[in-house]
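This report concerns only the one structure given below.
Everything numeric in this text was worked out from a predicted model, so none of it was measured.
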Amino acid sequence: MSFTFYNTLGREKQIFKPLKEGKVGFYGCGPTVYNYAHIGNLRAYVLHDILVRSLRRAGYEVNHVMNITDVGHLSGDNDEGDDKMVKSAEERGKSVLEIAEFYTRAFFNDTDRMNITRPTVVCKATEHISEMIAMIVRIEKNGFTYSAGGNLYFDISRFPSYGELALLRPDDLKSGAQTGYERTGQDENKRNAGDFVLWFTKSKFENQALMWDSPWGRGYPGWHIECSAMSMKYLGENFDIHAGGIDHIPVHHTNEIAQSEASMDAAGKKPWVSYWLHNEFLVIDKAKMSKSAGGFLTLQSLIDEGYDPLDYRYFLLGGHYRSQLQFSFDSLKGAKNSRISLIDKVLSLAQKTNFNRREANKESREFAITGNDVLKYIEAFNKALEDDLSTPRAMAEIWGLLREGPATEEALAAVFDMDRVLALGLEETCMAKASENGKDSGNNELTDEIEQQIIRRAEAKKAKDFATADNIRQNLKERGIILEDGPGGTTWRRA
């Protein structure tokens with residue numbers, strides 16, 4: 001497969017050519033773990049997942065690195081406002097590290113439920129302070145810094161290509177326009193509106209929770225430096241792909257490029273990153289979905305309304321990552337109904353191809369597709385992914401195969417192959433159904449009773465009567481019956 005990605009650095013689609021043949025270094029901006037991820041945040045991680053799954057399916061070895069920000073991220077990307085971690089800790093009466101640990105677990109619980117593949121490397125900012133200090137020392141040695149008011153700043157006037165990613169003009173940088181630096185409360189120590197802090201000392205916050213010794217005094221790192229230091233630690237000075245939300249373009253990613261390339265000693269190592277991929281916002285009532293702007297919906301919010309996490313994944317796949325996506329519960333309901341219909345069609349195909357009477361062991365099956373009546377759908381699916389990860393077109397191909405393709409084992413194998421990227425749990429659903437059908441369920445009376453209990457539990461959950469739902473599950477468990485919730489609904493098995 002030959003991929004073409006829209007590169008924000010250059011604002012055009014470019015043929016993907018990795019630095020090392022067959023290998024891809026990828027860094028995706030991770031969460032600041034001061035609160036639950038909202039559903040808008042999760043759109044970025046679905047993009048990262050589709051990217052990684054597509055590349056691996058094409059045969060690339062992908063080293064996917066993601067940071068966990070547990071220090072240094074202020075409420076304003078321009079070094080202004082409160083420390084997000086400290087503020088959350090104070091509000092909840094916990095330590096910063098307790099808050100970070102709790103919300104890190106919550107984040108990965110959400111991504112696991114959405115079938116988002118975990119990164120190869122997950123790196124916490126607090127565990128990489130020495131790498132940040134070492135990088136800042138190099139930047140200082142190369143002449144890109146100045147000290148003022150106790151803090152160490154990056155001087156953007158000494159970096160000629162500053163703002164290239166965001167298409168910022170020199171006049172914009174002087175005034176702070178387009179970057180958000182024109183806001184009130186600007187740091188008076190800055191020589192230029194766009195300068196940013198590499199290292200804060202206690203002069204910024206008298207009671208900062210986490211501080212470390214450094215050549216510039218006891219303090220803590222700026223937010224931007226962490227991504228540069230950790231990505232270069234695990235991926236090298238130059239790597240292939242960096243991804244994140246479009247809100248990172250004008251400040252965070254722009255600053256990452258400047259400090260990273262300023263830290264390099266050897267000439268000719270630019271650009272730091274070859275391809276920049278940015279996802280658009282999820283919007284509700286034409287407003288950006290964010291924690292600070294209201295409309296704070298979490299994945300659990302959707303589950304409480306009766307939706308499966310994969311309903312939301314299906315909804316996100318229906319829009320191209322570079323297009324704004326309007327969220328509403330009506331549109332989510334439509335995605336849910338479509339996903340259920342998709343599962344029904346896959347189960348029907350599985351039944352027609354005797355999947356239920358085969359050994360349900362996906363590790364022993366290979367996806368060898370040779371028939372032209374099926375291969376054409378696979379090829380079209382591949383072209384959709386190759387063209388800047390067009391998931392709407394890819395979804396159309398799996399639907400086309402199920403509606404118009406042959407009812408053969410090859411067709412089912414093709415569906416499973418496509419779902420290696422879409423990750424809607426289609427093969428897992430078929431396997432669960434095959435396993436269920438292959439079991440001796442005992443007498444019919446017991447089976448009927450359990451099915452009625454499952455229906456009662458579903459009704460209780462829909463009515464938000466979670467106590468009753470939990471009691472039903474526990475009572476059955478005590479009788480040796482285990483309920484398992486999955487994309488295809490609730491199934492049961494003997495303990």
Side-chain angles (χ1 to χ4, degrees), residues 7-10 19 25-32 44 47-48 63-74 76-79 119 121 123-125 128-129 131-140 142 144-145 152-168 173 178-181 192-200 220-265 269-279:
N7 192 350
T8 306
L9 188 62
L19 296 172
F26 165 50
Y27 185 86
C29 279
T32 301
L47 163 61
H48 301 177
N63 186 10
H64 175 194
V65 178
M66 187 186 78
N67 65 300
I68 297 291
T69 297
D70 52 3
V71 67
H73 191 177
L74 307 186
D77 291 353
N78 57 338
D79 302 326
V121 176
C123 40
K124 295 181 179 179
H128 295 78
I129 300 300
E131 287 84 359
M132 297 179 208
I133 290 174
M135 186 174 198
I136 297 171
V137 168
R138 295 197 303 272
I139 296 170
E140 184 178 44
N142 290 343
F144 290 91
T145 68
L152 187 72
Y153 294 85
F154 186 96
D155 187 346
I156 66 171
S157 68
R158 299 185 181 184
F159 191 79
S161 61
Y162 184 86
E164 182 180 1
L165 180 72
L167 302 181
L168 298 177
L173 297 175
Q178 297 185 21
T179 65
Y181 294 132
N192 309 289
D195 291 350
F196 56 94
V197 179
L198 295 169
W199 188 266
F200 289 105
Y220 62 99
W223 172 42
H224 311 297
I225 195 68
E226 69 170 74
C227 288
S228 293
M230 292 192 290
S231 63
M232 293 172 86
K233 174 182 174 66
Y234 295 105
L235 297 172
E237 280 199 344
N238 301 94
F239 57 93
D240 299 298
I241 304 173
H242 195 314
I246 61 167
D247 50 331
H248 289 333
I249 296 172
V251 181
H252 183 48
H253 288 170
T254 290
N255 290 351
E256 278 189 66
I257 291 172
Q259 66 196 9
S260 297
E261 296 184 355
S263 75
M264 297 178 186
D265 294 323
K269 287 197 172 183
K270 295 182 180 182
W272 170 49
V273 174
S274 302
Y275 302 87
W276 290 83
L277 275 62
H278 291 95
N279 61 279

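Every residue two or more places apart in sequence or in another chain was checked for a salt bridge (charged side-chain N to carboxylate O under 4.0 Å, His left out) with R138, and none qualifies. For T254, the side-chain contact (heavy atoms from CB on, under 4.5 Å) criterion is met by Y162, L165, A166, not counting sequence neighbours. For E131, the salt bridge (charged side-chain N to carboxylate O under 4.0 Å, His left out) partners are K233, not counting sequence neighbours. By the side-chain contact (heavy atoms from CB on, under 4.5 Å) test, V65 pairs with Y27, N63, V121, C123, Y234, L235, sequence neighbours left out. For T145, the side-chain contact (heavy atoms from CB on, under 4.5 Å) criterion is met by I139, E140, L152, L198, not counting sequence neighbours. Judged as a side-chain contact (heavy atoms from CB on, under 4.5 Å), and not counting sequence neighbours, the contacts of I246 are I249, H278, E280, F281.
Nearest heavy-atom pair, N67 versus G30, reported as atom, atom and distance to 0.1 Å: OD1-N, 2.6 Å. Of all heavy-atom pairs between H48 and C29, the closest is CE1-O, 3.8 Å. Across every non-hydrogen atom of Q259 and S228, the tightest pair is NE2-OG, 2.9 Å. Of all heavy-atom pairs between R158 and F144, the closest is O-CE2, 3.1 Å. Heavy-atom minimum distance, N7 versus S274: ND2-O, 2.8 Å. Between G25 and D240, the closest heavy-atom pair is N-OD2, 2.9 Å.
A donor-acceptor pair under 3.5 Å is formed between the side chain of N238 and the backbone N or O of P271.
E226 contributes atom CD, which lies 7.0 Å from atom OG1 of T32 (distance to the nearest 0.5 angstrom). Atom CZ in F26 sits 11.5 Å away from atom OG in S231 (nearest 0.5 Å). In this structure, OG on S260 lies 12.0 Å from NE2 on H224, to the nearest 0.5 angstrom. Between the CG atom of D195 and the CD1 atom of I156 there is a distance of 5.5 Å, given to the nearest 0.5 Å. Here the CZ atom belonging to F154 is positioned 5.0 Å from the CZ atom belonging to F196, to the nearest 0.5 angstrom.
Taking the centre of each ring, F239 and W272 come in below the 6.0 Å mark. Here the two rings, on W223 and H248, have centers that are under 6.0 Å apart.
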>> Evaluate H242 against E256 for side chain to side chain donor-acceptor pair (under 3.5 Å), listing each step before the verdict.
In response: CA-CA 11 Å; H242 195 314; E256 278 189 66; 3.0 Å; yes
> When you look at V273 and I257, which way does the side-chain contact (heavy atoms from CB on, under 4.5 Å) test go after all the steps?
Replying inline: CA-CA 8 Å; V273 174; I257 291 172; over 6 Å; no
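Between M232 and M264, the closest side-chain pair of non-hydrogen atoms falls below 4.5 Å. Y153 is listed as a side-chain neighbour of V197, based on a closest heavy-atom distance under 4.5 Å. W199 has its side chain within reach of I133: a pair of non-hydrogen atoms, C-beta onward, lies under 4.5 Å apart. By the 4.5 Å heavy-atom criterion applied to side chains, C227 and H253 are not counted as neighbours. Taking the side chain as every heavy atom from C-beta outward, I68 and P31 approach each other to under 4.5 Å.
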